[in-house]
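Take a look at this one; I'll ask things after.
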Amino acid sequence: MTITVTRKGLAVSLAIAVTLIVAGCSKITEPFNDAPRSNTTNSTPADVITFPDGFSNASTKCDHGNRLYVAYHGDSPYAAIAVVPNDPSCRE
């Protein structure tokens, strides 16, 4: 079985590859869409909860009477977030 490559087929394949690469790179230039920020900063340290390898580490912190839990897994840029509103252990 022989495969013959024509110039037209090569050009179409190259055009598809370039289109996919350019479409994938468009995320890099997307601006951050963070929520608006106030001038209030809570710089108190968080309590870090470490788990054995293979499990997510977590941190907890009080902010304005609410307890926040954040869990990261490995070096992933995404986290799971949970909020306990009006936590009695969080005193302003």
Side-chain angles (χ1 to χ4, degrees):
M1 222 162 110
T2 61
I3 299 174
T4 56
V5 179
T6 63
R7 287 185 181 176
K8 183 178 180 180
L10 186 60
V12 169
S13 298
L14 184 61
I16 291 172
V18 167
T19 302
L20 291 175
I21 290 170
V22 169
C25 293
S26 66
K27 181 72 175 172
I28 294 171
T29 60
E30 182 177 300
F32 292 112
N33 292 321
D34 293 340
R37 296 177 54 170
S38 70
N39 293 329
T40 305
T41 301
N42 180 349
S43 60
T44 58
D47 297 324
V48 177
I49 305 164
T50 57
F51 289 97
D53 288 345
F55 294 93
S56 298
N57 291 331
S59 64
T60 180
K61 183 176 184 173
C62 288
D63 188 49
H64 301 298
N66 303 310
R67 180 162 298 278
L68 307 168
Y69 289 94
V70 180
Y72 282 95
H73 185 72
D75 292 329
S76 176
Y78 303 104
I81 299 173
V83 177
V84 179
N86 302 316
D87 188 341
S89 66
C90 295
R91 298 198 176 102
E92 290 186 56

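All values below come from the heavy atoms of this structure, side chains included, with hydrogens, waters and symmetry mates left out. Fair warning: this is a prediction, and the values are worked out from it, not measured in the lab.
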Handout entry: Spacing of OH belonging to Tyr69 relative to OG belonging to Ser59, to within rounding of 0.5 Å
Key = 10.5 Å

Exercise for the section: Considering non-hydrogen atoms only, spot the tightest contact between Phe51 and Ser56 and give its length. Expected result: CD1-O, 2.8 Å

Problem - Among Leu14, Val18, Val12, side chain to side chain contact (heavy atoms under 4.5 Å, CB included) partner for Ile16 - result: Val12

Exercise for the section: Report yes or no: does Asp87 contribute a side-chain atom to a donor-acceptor pair with the main-chain N or O of Asn66 at less than 3.5 Å? Expected result: no

Handout entry: Candidate list Val48, Val70, Asp47, Asn42, test side chain to side chain contact (heavy atoms under 4.5 Å, CB included), partner Lys61, passing option
Key = Asn42

Exercise for the section: Check the hydrophobic clustering (I, L, V, M, F, W, Y; side-chain heavy atoms under 4.5 Å; chains of links allowed) and say if Phe55 and Tyr72 are grouped together. Expected result: no

Exercise for the section: Output the distance between atom CG (Asn57) and atom CD1 (Ile49), rounded to the nearest 0.5 Å. Expected result: 9.5 Å

